[in-house]
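Predicted model, so just to flag it, every value in this text is computed and none were measured. One-based numbering, in listed order, for ligands and for the atoms of each. Only heavy atoms go into these numbers, but all of them, side chains included; no hydrogens, no water, no symmetry mates.
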Amino acid sequence: MEHFTLKNGVKIPAIALGTWQMRGDVCKEAVLNAIRAGYRHIDTASAYQNEVEIGQALRESGIPREELFITSKVWNDARGYNSTLSAFEASLERLGLDYLDLYLIHWPASASRYEDWESVNLSTWSALCELYRTGRVRAIGVSNFMPHHLRALIESERSPMVNQIEFHPGLLQLKTLEVCRENDILVEAWSPLGEGKMLQNPTLLEIASKYEMSVAQLCIRWCLQNGALPLPKSKNPNRILENLRALDFEISSEDMAQINIMEYFGGSGVDPDNFD
Ligand code: A2P
């Protein structure tokens, strides 16, 4: 498995299995199939309510813990210093792990819901810094943070190492991408297939056919070549494997440029500044 290297030197496997909306045996099987296919990076969150079954799959896989890269996230109801520390311990317990590789703030507190949104984010962030300092987690970051949410954290005691955002053709999020690049923050791409909405797009179908690849593989590869780490979700063993094969080809710079300028044509429709 290829990897990206975070600014603290930690290596992070270049494609992860996303697990949002997967639960129970379906989730456990997907994680086991992904590990069999060669994935070593699994992305979850307390809000996904699947940490218990993911922990079971990790143990059943028999893969040594140090070869796996496990991410979880603190949910919006646990913002603030003490509740974030408790939420972290609860996630570890559900996963049956004694450390995490990456822990993220799932959504920014924003001005539409909090007068003191910046200090709420900073107090949550200081808990993540404490977990990092004490070695409970190998890397820390955020998710769904736009440049104005990132600013105070970048200037705090420790700048985030990762920002996980919605990222797929039609949603390049160039401003966020640029701020992350300038500050050596790795962008991770959630919904790299736009929850499946990319798959029938005629432009993407035409470009993918040139490489004899599927549109899913094209979207995943497009993330990688933009320096973003894709987190495709699938419960299907063949598609889990297919998505990993995005490591095995290269999109030309002309085709990258053509995809980069595509207008928005679908996605989650969620705005981090108004997310409840
Ligand atoms: P399935 O689980 O049946 O494979 P995203 O990661 O952008 O949110 O997209 C997830 C959606 O895309 C899921 O509905 C998943 O369905 C589907 N999907 C994942 N990989 C592929 C693929 N290689 N080809 C077609 N659909 C895929």
Side-chain angles (χ1 to χ4, degrees), residues 1 12-39 41-45 47-50 53-54 57 69 71-73 104 106-107 143-144 162-173 176-177 187-226 228-249 251 259-260 262 264-272 275:
M1 174 61 96
I12 176 167
I15 296 180
L17 180 75
T19 65
W20 180 49
Q21 291 179 319
M22 279 192 230
R23 295 223 196 127
D25 287 344
V26 170
C27 179
K28 189 174 160 189
E29 275 309 304
V31 172
L32 277 166
N33 281 322
I35 291 174
R36 280 183 209 118
Y39 290 69
H41 181 175
I42 310 294
D43 183 89
T44 182
Y48 300 171
Q49 296 180 29
N50 59 16
E53 46 271 44
I54 289 178
F69 193 101
T71 301
S72 192
K73 314 181 190 86
L104 306 177
H106 205 146
W107 289 91
S143 182
N144 302 300
V162 166
N163 186 17
Q164 183 180 124
I165 58 175
E166 182 176 2
F167 190 88
H168 47 72
L171 193 63
L172 183 65
Q173 300 219 43
T176 304
L177 195 60
V187 167
E188 292 187 341
W190 65 259
S191 275
L193 318 180
E195 300 175 358
K197 296 182 185 103
M198 305 293 104
L199 301 175
Q200 298 308 321
N201 178 276
T203 305
L204 296 178
L205 280 163
E206 194 188 318
I207 297 175
S209 71
K210 282 205 263 180
Y211 300 94
E212 297 182 356
M213 290 285 166
S214 66
V215 172
Q217 290 168 319
L218 182 76
C219 292
I220 294 167
R221 182 74 209 179
W222 172 82
C223 294
L224 290 167
Q225 286 183 223
N226 273 314
L229 188 156
L231 316 160
K233 299 190 287 289
S234 180
K235 31 188 187 342
N236 176 291
N238 296 327
R239 291 195 281 273
I240 285 172
L241 190 58
E242 176 187 326
N243 294 345
L244 201 57
R245 297 277 75 84
L247 290 170
D248 301 342
F249 77 112
I251 306 171
I259 304 171
N260 280 352
M262 286 174 80
Y264 184 80
F265 60 95
S268 74
V270 174
D271 168 13
F275 187 77

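Contacts between Ala216 and ligand 1 below 4.0 angstrom, taking non-hydrogen atoms only, involve the side chain exclusively.
Counting only residues at least two apart or on different chains, no salt bridge (charged side-chain N to carboxylate O under 4.0 Å, His left out) pair has a member in residues 164-173.
Nearest protein heavy-atom neighbour of atom 21 (C) of ligand 1: Arg239 CD, 3.4 Å. Regarding atom 26 (N) of ligand 1, its nearest protein heavy-atom neighbour is Leu199 CD1, 3.4 Å. For atom 23 (N) of ligand 1, the nearest non-hydrogen atom of the protein is Asn243 OD1, 2.8 Å. The shortest contact between atom 9 (O) of ligand 1 and any protein heavy atom is with Glu195 CA, 3.5 Å. In terms of protein heavy-atom proximity, atom 2 (O) of ligand 1 is closest to Lys235 N, 2.9 Å. Here the heavy atom of the protein found nearest to atom 8 (O) of ligand 1 is Lys233 NZ, 2.5 Å.
Per-residue contacts place Pro232 under 4.0 angstrom from the following atoms of ligand 1 (heavy atoms of the residue considered): 6 (O). Within ligand 1, counting atoms from 1 as listed, the ones closer than 4.0 Å to a heavy atom of Leu193 are 7 (O), 9 (O), 12 (O), 18 (N), 19 (C), 20 (N), 21 (C), 27 (C). Counting the atoms of ligand 1 from 1 in the order shown, those under 4.0 Å from a heavy atom of Gly196 are 9 (O).
For the ring pair (Phe, Tyr, Trp, His ring centres under 6.0 Å) criterion with His106, the lone passing option out of Phe275, Tyr48, Trp20, Trp190 is Tyr48.
When side chains are defined from C-beta on, Thr71 counts as touching Leu104, because their heavy atoms get closer than 4.5 Å. Leu172 is listed as a side-chain neighbour of Trp222, based on a closest heavy-atom distance under 4.5 Å. Put simply, the side chain of Lys233 reaches to within 4.5 Å of the side chain of Met22, judged on heavy atoms.
Looking at Ser214 next to ligand 1, no N or O pair under 3.5 Å apart turns up. The distance criterion of under 3.5 Å between nitrogen or oxygen atoms is not met by Asn236 with respect to ligand 1.
Atom CG of Asn236 has more than 12 neighbouring heavy atoms from other residues, nucleotides or ligands inside a 6.0 Å radius.
Interatomic distance, CG of Leu244 versus CG of Leu247, reported as 5.5 Å (0.5 Å rounding).
Using 4.0 Å as the threshold, Gly18 has no heavy atom nearer than that to any atom of ligand 1. Within the 4.0 Å heavy-atom shell around ligand 1 one finds Gly194.
Side chain to side chain, Ser214 and Gln217 meet the donor-acceptor criterion of an N or O pair below 3.5 Å.
When atom types are taken as modelled, the side chain of Lys197 and the backbone of Gly267 share a donor-acceptor pair closer than 3.5 angstrom.
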